[in-house]
Each structure stands twice: as structure tokens, then as C-alpha cells.
Number of protein chains: 2
Amino acid sequence: MKETITIKTLAKELNISISTVSKALNDSYEISIETKQKVWDLAKMLKYNRNPSASNLRSHKTKTIAVIIPEVANNFFSQAINGIEEVARKRGYHVLIYQTHENTELEIAFTDSLLSGRVDGILISVSSDNNNHEHFATLVKEIPTVFFDRVYEDIDAAKITTDDYESTYNATSYLVECGCKKIAYLYALNNLNAGKQRMSGYRDALSALQLEYSDKLTVNYDKNAEVNYHNIKQLMLHERPDAVISSIEDLALPCYYVCNELAISIPEDLKIISFSNLNTAPLLNPSLTTITQPALEMGREAAAILFRILDKKHPEPNEWLTLKSTLIKRDSTACR
Amino acid sequence: MKETITIKTLAKELNISISTVSKALNDSYEISIETKQKVWDLAKMLKYNRNPSASNLRSHKTKTIAVIIPEVANNFFSQAINGIEEVARKRGYHVLIYQTHENTELEIAFTDSLLSGRVDGILISVSSDNNNHEHFATLVKEIPTVFFDRVYEDIDAAKITTDDYESTYNATSYLVECGCKKIAYLYALNNLNAGKQRMSGYRDALSALQLEYSDKLTVNYDKNAEVNYHNIKQLMLHERPDAVISSIEDLALPCYYVCNELAISIPEDLKIISFSNLNTAPLLNPSLTTITQPALEMGREAAAILFRILDKKHPEPNEWLTLKSTLIKRDSTACR
DNA sequence: TTTATTTACGAAAACGTTTGAGTTGATTGC
DNA sequence: GCAATCAACTCAAACGTTTTCGTAAATAAA
């Protein structure tokens with residue numbers, strides 16, 4: 001076993017006090033540059049590593065943030081994490097990952113456990129399984145928290161979202177321009193602001209363009225993929241829409257399968273637009289028109305906002321930043 | 001500000017010593033069940049949370065593991081993380097994520113920083129940018145480490161990989177069965193065992209089937225995506241292979257684009273097989289035949305091995321577990 | 001010169017746990 | 001009936017930092 005080397009070791013070696021060593025390592029103004037240099041040199045030479053637990057315990061700074069998301073194996077979220085990790089690393093912060101799998105119970109367990117001072121701040125994209133969220137009210141009072149993409153508007157915290165309403169509004173308008181008259185909607189995240197906004201954009205666009213909204217043209221997301229498949233198939237069989245807007249990627253792909261099975265050809269018989277961060281969207285058969293959220297950017301910005309909060313000593317009004325998604329037109333909506 | 005509640009608070013409230021509280025919370029045999037119950041009840045009532053820093057500092061257990069990977073925004077790795085997080089959560093462990101972006105310098109910085117006792121163990125899939133890896137030799141002596149998918153065979157640590165050699169061997173054989181005579185290879189991870197094994201499987205299958213290997217049929221991965229595109233295009237223009245095996249997903253997709261551009265039709269003119277964890281592989285145009293690694297399983301198993309190591313007090317010989325990938329045949333290799 | 005002020009450092013008390021070595025009173029063995 | 005065992009606690013010393021306060025010497029102001 002190696003004897004672990006601490007500031008005590010350094011102090012003894014240099015014949016100075018441990019407080020001097022500590023201050024030197026923290027680049028305190030109280031210490032002369034000569035002493036600092038000696039400490040730094042020795043620290044490097046002995047490969048000294050500050051013990052994080054001891055440091056945290058005393059200073060209440062963990063240099064760690066938590067990211068709570070539904071799934072990591074999801075293009076949007078993994079890209080967001082990418083952005084988050086990037087800015088965290090630049091600041092020397094560590095990133096903890098928690099997956100809720102859209103389960104509020106788990107979400108509560110996570111947030112509760114983070115109240116113990118394990119992290120300095122939290123980035124969260126909330127679970128969609130219900131809208132019971134009083135646990136966040138207490139959370140945000142205790143610890144700096146930034147909500148991204150999936151937010152609760154009535155929670156007093158910083159938020160960052162995309163222009164969900166405009167996205168579906170524009171997508172719907174675009175489909176109508178292409179001559180579509182019967183546009184179905186695959187509805188997910190209906191407990192969340194994002195989901196509601198997307199639905200509203202769709203509905204408002206319909207009515208602005210003199211088209212009628214019908215419940216029959218809406219398929220609600222189900223946790224069970226087979227149920228989704230079945231429901232989409234029923235939609236296609238009985239309603240035969242000429243276009244469909246999917247509020248999440250996971251509902252667009254079954255659409256492709258259903259069309260395959262029913263020999264509905266895209267885009268001739270059915271045009272498809274979906275929210276998606278798939279990098280293979282251009283390679284699908286046919287290539288998929290997507291509303292693509294700036295996932296990486298959102299991650300970066302969310303982290304940036306969090307660090308801005310952590311930097312301030314005094315609380316400031318919470319930001320609510322909105323980034324723009326882009327409608328990327330591809331073959332699944334090609335007009336003939 | 002809330003006054004934080006500690007075991008001291010509990011002790012005072014219950015009129016017992018703080019050590020009794022601590023032991024009760026840790027379910028020690030030294031404490032009577034009645035006392036334990038009282039402590040637990042009060043703790044729950046007051047929403048007591050054990051301070052992790054203090055606990056770690058004293059006990060040298062962090063209940064945290066680190067995952068070091070090249071990229072999180074990658075189907076294989078994000079699924080692996082999913083598996084890791086799943087088993088970590090079951091054990092009440094926390095998961096730190098570090099991305100190396102295939103940069104050894106960063107990798108070294110991360111592993112060095114983890115020597116400070118921030119984590120109990122490490123799961124790592126190494127960076128591919130070079131094979132300089134002496135830093136791991138010291139790392140694995142200091143802290144339990146499990147290498148997954150991308151491993152160094154000469155490092156004395158637990159490892160988990162897939163049957164890379166057999167995968168390409170079988171894929172190559174399959175292509176030959178389909179009548180292919182000029183099979184190109186898109187070569188990546190050439191610094192790593194996985195990459196070398198995949199290449200060997202391809203070459204050995206070729207020679208076993210009386211086909212000649214040629215350097216001209218090999219394209220080496222480049223960090224620059226445009227270079228890859230260009231090289232693949234050159235390959236197609238000048239060599240006109242009738243099949244291609246891609247050792248990573250990121251080289252297969254440019255293949256599709258090149259074929260589009262050059263009007264090479266898949267699978268008639270060119271058959272394609274690629275290592276891939278794309279969930280949209282069946283929806284590509286045409287659907288892609290993949291060698292799919294059990295990413296989720298690998299994550300789970302890697303974590304399981306790590307916890308097995310952490311559970312043992314005495315070191316045991318390191319496991320090297322190998323899981324099987326599956327060749328999923330789709331249209332990109334359809335025989336007419 | 002005397003008195004402030006500054007500079008560079010040290011002593012010691014936290015931070016909230018865990019843990020090994022006592023301590024006490026009750027129970028057991030013989 | 002007395003030593004030995006045991007169950008259920010308590011004491012106090014860690015763990016490795018950070019940070020407040022104090023102080024000596026050097027410098028500046030008066």
C-alpha cells in the first residue's frame with residue numbers, strides 16, 4: 001500500500017504549516033509567490049491530489065453537477081450531455097448522470113438524494129409520466145437547478161427550451177402548402193409544457209389555415225411500443241391521413257414500419273415530419289423531414305446558465321432561454 | 001437558510017450519542033432494534049441525508065464509479081452507459097461520466113484526477129488515438145478498473161469485449177457465400193485490440209476462402225469526416241469492390257452517401273456490412289446489415305464485474321469476459 | 001522616532017462522519 | 001457467589017481540508 005500524500009506531507013517536506021500549503025494550492029493572495037511556487041513544484045513532483053471529500057466537507061463546494069434525464073440512450077439527450085460535459089470539463093467540474101426512465105418515483109429519489117450536498121447544481125429534463133411535481137418546488141429552493149427542454153413553467157428556476165409552438169405551427173403550415181388536407185398528429189409529452197406547446201402549434205396552424213382539428217387524427221403516445229404501433233396502424237387504416245406530424249422520434253419510426261406494412265408510400269400517400277435528432281434521418285427510406293432541436297447547444301447553454309448562477313453570490317431573476325429548432329426538409333415531405 | 005440536519009441533530013433529539021446514531025443508520029449489530037427503529041423513524045421524519053463528503057472522508061467509500069468513454073453521443077456507448085447506470089443504481093451507486101473525445105491527453109487527465117479517491121472504481125473504454133498507455137499500468141494498481149470493448153490486453157485488469165475476430169470472419173464468409181469476390185474493408189481502431197481483431201477476422205476469412213487480401217481495398221479511418229468520405233469515394237471509383245465491411249458505424253454511413261453520389265446501387269452493385277448499434281438500421285435505404293454488439297449487456301456486465309471486485313476484500317485473478325455480437329442480415333447484403 | 005499598515009505566515013477550530021476502544025449493567029457459567 | 005461473557009451504548013480520535021484569527025516582521029505614514 002502506498003502511503004497517501006496529503007498537504008501534511010507537503011508541509012512537513014517544506015517545513016511550512018499546512019495552512020500555508022493549503023492557501024498556496026488555492027493560489028491565495030496571502031502567500032508569497034516564492035512559497036507558492038515551491039509548493040506547486042513539490043505537489044507536482046509528488047503527484048499530490050487534493051482529497052475531494054475533505055475539501056468538500058470543509059468548503060461546501062463539490063465541483064460536481066448532476067444531470068437528470070429520462071434516458072441517455074436517446075439522440076437528443078446524449079447530445080445534450082455532450083454539450084453539458086464539454087462546458088463542465090472546461091470549468092473542472094465533474095458530471096453525475098441519473099436516468100429516470102420517465103419514472104417520477106425515481107426522479108424524486110434522485111433529487112432527494114442530491115439534497116445531501118453531493119453536487120453544487122442540477123441540470124434536469126423532467127420525466128413525462130405525470131405532472132405531479134411539487135418535489136421540485138422544494139428542490140429549487142435548496143440547490144441551483146436548471147431545467148432544460150422539459151420544464152415546468154410554474155417552478156421558480158432557470159429554464160431553457162426550444163420554440164415548440166412555432167415548430168409545429170410552421171411544420172403544419174408547410175404541410176398545408178404542400179397540399180396536405182388531413183394532417184394527423186402523434187401526441188407525446190402531453191403532461192409537459194413542451195408537449196402541449198407542440199400540440200397547440202399544430203392546432204392553431206390548422207385553424208389559421210381553415211382546416212379542422214379532429215381527435216380521430218391524434219394518436220396518443222403509450223409506453224408500450226406495440227400499442228403505439230397498433231394505434232398508428234389503426235389511424236392509417238381508418239383515417240388515411242395524408243400527412244403526419246410526430247412530436248417525438250419514437251413515434252415516427254413505427255410510422256415507417258406501418259407504412260411499409262400497409263404499402264402506403266411516403267411521401268406520395270403520406271408525408272411525415274418528426275421532431276428528431278437522428279443523424280441517420282437523411283439516410284432513411286425515404287429521408288425524414290425533421291424538426292431538429294439544437295441538442296448540443298441546449299446542453300451547453302443549460303450548463304452555462306447553471307455556472308452563471310453558481311458564480312453569483314446573490315440570486316438573480318431566473319432566465320428562461322428559448323432556442324430555435326430547425327425544420328429540415330427532406331424526402332418524406334417532398335411535394336411532387 | 002435552513003439549518004442543516006446532521007446525526008448530531010438526531011442524537012440530541014433522541015438523547016443518545018452520535019456514534020449510536022451513526023451505527024444505527026448503518027444498521028450495525030451493536031445497536032438494539034428498538035433504538036435503530038427510533039433513529040430510522042426520526043431520520044425519515046426530518047428528511048435526514050447523510051453527508052457524503054464526511055462519510056467518504058472517514059470511510060474511504062464514495063459509492064461512486066466513473067465511466068470514461070470516447071463519446072456519449074454514440075449509440076454503442078450511450079447504451080452501455082444505460083446498462084451501467086442500471087446496475088449502479090440498484091446498488092445505490094452514483095455514476096460520473098467523462099468523455100475523452102478520443103484524446104489520450106484528456107484520458108490521462110481524467111484518470112489522474114480520479115486517483116484522488118473521488119470514486120471507488122472505474123469503467124473505461126479507451127481512446128483510440130494512440131496506443132501509448134502506460135498511465136493505465138499505474139491506474140489499475142491504485143483503483144479497481146474494468147475495461148470494456150476497447151481494452152489493452154497487456155494491462156492487468158478485468159476486461160470485457162466482444163468476439164471481434166469471429167464477427168468479421170463470419171461477416172466475410174457470409175459475403176463470399178453471397179458471391180462477393182472483392183471485399184473492401186473500412187479500417188478503424190487500428191491502435192486497439194478490437195480493431196486489430198476485426199481486421200484479422202476479415203483477412204483470415206479471405207485467405208481461408210481463397211481470396212486475396214489487398215491494401216488497396218482497405219480504407220483507414222481518419223478523424224476528419226471529409227477525408228473519410230473522399231477516401232471511400234476513391235475506393236469506389238478506382239477499385240469498385242462488390243462488398244464492404246465497415247469496422248465502425250461512422251464509416252458505413254459515408255458509404256451510403258458515396259453510393260448515392262456515384263449511383264452505385266446497394267446491394268446489387270455493392271453489399272455493405274457494418275458494426276453498428278443504430279436502431280434505425282432497419283429503416284435505412286436500403287436497410288443495413290449489421291454486426292451488432294450487445295451494448296446494454298456489456299454495460300451491465302462491466303458494472304457487475306466491477307462490483308464483484310469491489311465486494312471482494314482480497315484481489316482475485318482478473319476476468320476477461322467475451323460476449324457475442326450478432327450478425328443481423330438485412331437488405332444491404334441481400335442476395336438476388 | 002513612533003505609530004499604522006501591510007505582507008506572509010502559523011495555530012487551531014471547524015466540516016459531519018466512522019470506528020476502535022472503552023464502559024456499564026445484565027446475564028451466564030460453574 | 002464470583003468471574004466471565006455479552007448486549008447496548010458512549011467517548012474521542014481520526015479522515016484531509018479550509019478558514020478565521022492572530023502575530024511577527026517589514027514597510028509606510030506621521
Side-chain angles (χ1 to χ4, degrees), chain A residues 1-40 42-43 46-64 92 113 115-120 313, chain B residues 1-40 42-43 46-64 92 113 115-120 313:
Chain A
M1 277 295 149
K2 287 259 290 283
E3 71 295 346
T4 107
I5 102 144
T6 72
I7 51 173
K8 217 166 173 175
T9 325
L10 302 185
K12 200 162 290 174
E13 191 76 22
L14 292 172
N15 254 320
I16 55 181
S17 77
I18 63 166
S19 24
T20 303
V21 175
S22 172
K23 287 171 185 171
L25 290 172
N26 288 318
D27 201 11
S28 160
Y29 69 95
E30 292 183 68
I31 306 300
S32 72
I33 182 66
E34 296 84 8
T35 310
K36 281 181 189 172
Q37 199 59 57
K38 278 196 288 186
V39 172
W40 293 339
L42 185 64
L46 298 183
K47 298 194 176 190
Y48 165 77
N49 262 312
R50 184 204 314 278
N51 180 306
S53 304
S55 181
N56 300 346
L57 177 57
R58 188 55 235 258
S59 67
H60 295 287
K61 309 254 163 202
T62 64
K63 283 263 178 189
T64 305
S113 88
L115 255 19
S116 60
R118 183 177 290 274
V119 298
D120 293 344
K313 35 246 117 240
Chain B
M1 278 294 149
K2 288 260 290 282
E3 72 296 345
T4 107
I5 103 143
T6 72
I7 53 174
K8 217 168 174 175
T9 325
L10 302 185
K12 199 162 291 175
E13 191 77 20
L14 292 172
N15 254 321
I16 57 182
S17 78
I18 64 166
S19 24
T20 303
V21 175
S22 172
K23 286 171 182 168
L25 289 172
N26 288 318
D27 202 9
S28 160
Y29 69 96
E30 291 183 71
I31 306 300
S32 72
I33 182 67
E34 296 83 10
T35 309
K36 280 181 191 172
Q37 200 59 57
K38 277 194 288 184
V39 172
W40 295 338
L42 185 64
L46 298 183
K47 298 195 176 190
Y48 166 77
N49 262 310
R50 168 203 265 103
N51 180 306
S53 304
S55 179
N56 300 345
L57 176 59
R58 186 57 234 259
S59 67
H60 296 289
K61 309 256 164 198
T62 65
K63 283 265 179 186
T64 305
S113 88
L115 254 21
S116 59
R118 184 177 290 274
V119 298
D120 293 344
K313 35 247 116 235

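In what follows, chains are A, B, ... by sequence order, proteins preceding strands, each numbered from 1.
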Asker: I need the R58(A) CZ to S53(A) OG distance, nearest 0.5 Å.
Answerer: 15.5 Å
Asker: Report the residue (I18(B) or A54(B)) whose heavy-atom-nearest nucleotide on DNA chain D is the more 5′ of the two.
Answerer: I18(B)
Asker: Of the nucleotides dT19(C), dG10(C), dG16(D), which has the atom closest to the S22(B) side chain?
Answerer: dT19(C)
Asker: H60(B) has an atom NE2; how far is it from atom P of dT18(C), in whole Å?
Answerer: 13 Å
Asker: Would you say T62(B) and N56(B) are linked by a side-chain donor-acceptor pair, where the criterion is simply a distance under 3.5 Å?
Answerer: no
Asker: Quick check: do T64(A) and R118(B) have side-chain heavy atoms less than 4.5 Å from each other?
Answerer: yes
Asker: Students often get this wrong, so: under 4.0 angstrom with heavy atoms, is T35(A) touching a base, only sugar-phosphate, or nothing?
Answerer: sugar-phosphate
Asker: Measure distances between side-chain N and O atoms of R58(A) and base N and O atoms of dT18(D), and say whether any donor-acceptor pair falls under 3.5 Å.
Answerer: yes
Asker: From C-beta outward on K23(B), which listed nucleotide comes closest to its side chain: dT17(C), dA21(C), dT18(D)?
Answerer: dA21(C)
Asker: What does the inter-axis angle of the helix from dT1(C)-dA30(D) to dC30(C)-dG1(D) come out as, five pairs per end, nearest 10 degrees?
Answerer: 40°
Asker: OP1 or OP2 of dA7(D) versus the side-chain N and O atoms of S32(B): is any pair under 4.0 Å?
Answerer: no
Asker: Taking OP1 and OP2 of dT17(D), is either one under 4.0 Å from a side-chain nitrogen or oxygen of Y48(A)?
Answerer: yes
Asker: If each of I16(A) and K8(B) is mapped to the nucleotide of DNA chain C with the nearest heavy atom, which maps nearer the 5' terminus, i.e. the 5' end?
Answerer: I16(A)
Asker: Name the nucleic acid region contacted by N56(B), choosing base, sugar-phosphate or nothing; use a 4.0 angstrom heavy-atom cut-off, strictly under.
Answerer: nothing
Asker: Heavy-atom distance under 4.5 Å between the side chains of T6(B) and N51(B), does that happen here?
Answerer: no
Asker: Under the criterion side-chain hydrogen bond (donor to acceptor under 3.5 Å, both in side chains), I'd like the reasoning laid out for N26(A) against R50(A): C-alpha separation, chi angles, the key distance, then a yes or no.
Answerer: CA-CA 11 Å; N26(A) 288 318; R50(A) 184 204 314 278; 3.2 Å; yes
Asker: Whole angstrom is fine here: how far is it from CG in L14(B) over to P in dA8(D)?
Answerer: 17 Å
Asker: Of the non-hydrogen atoms in S22(B) and I7(B), which two are nearest, and what is the gap between them?
Answerer: CB-CD1, 4.3 Å
Asker: Looking at side-chain heavy atoms only, is the closest gap between K36(B) and D27(B) below 4.5 Å?
Answerer: yes
Asker: Consider the side chain of L57(A), meaning its heavy atoms from C-beta on, and name the nucleotide among dC15(C), dT18(C), dT19(D) that approaches it most closely.
Answerer: dC15(C)
Asker: Which of the following nucleotides, dC11(D), dT19(C), dG16(C), is nearest to the side chain of S17(B)?
Answerer: dC11(D)
Asker: What is the distance, to the nearest angstrom, from the CG atom on N26(A) to the P atom on dA8(C)?
Answerer: 17 Å
Asker: dT18(C) base to K61(B) side chain: any donor-acceptor pair below 3.5 Å?
Answerer: no
Asker: Is there a side-chain contact (heavy atoms from CB on, under 4.5 Å) between I16(A) and V39(A) once you walk through the steps?
Answerer: CA-CA 10 Å; I16(A) 55 181; V39(A) 172; 3.9 Å; yes
Asker: Just how far, in rounded Å, is P of dT17(D) from NZ of K63(A)?
Answerer: 16 Å
Asker: OP1 or OP2 of dG16(D) less than 4.0 angstrom from a side-chain nitrogen or oxygen of T4(A), does that happen here?
Answerer: yes
Asker: Roughly how many Å is it from CD in E30(A) to P in dA8(C), rounded to a whole number?
Answerer: 10 Å
Asker: With no angle test and no hydrogens, is the base of dC9(D) tied to the side chain of T20(B) by a donor-acceptor pair under 3.5 Å?
Answerer: no
Asker: Expressed in angstrom and rounded to an integer, what is the separation of R118(A) atom CZ from dC15(C) atom P?
Answerer: 21 Å
Asker: Nearest whole angstrom, please: distance from the P of dT19(C) to the CZ of R50(B).
Answerer: 10 Å
Asker: Return yes if the base of dA11(C) and the side-chain atoms of S19(A) contain a donor-acceptor N/O pair under 3.5 Å, otherwise no.
Answerer: yes
Asker: How close or far is atom P of dA8(C) from atom CD of Q37(A), stated in whole angstroms?
Answerer: 15 Å
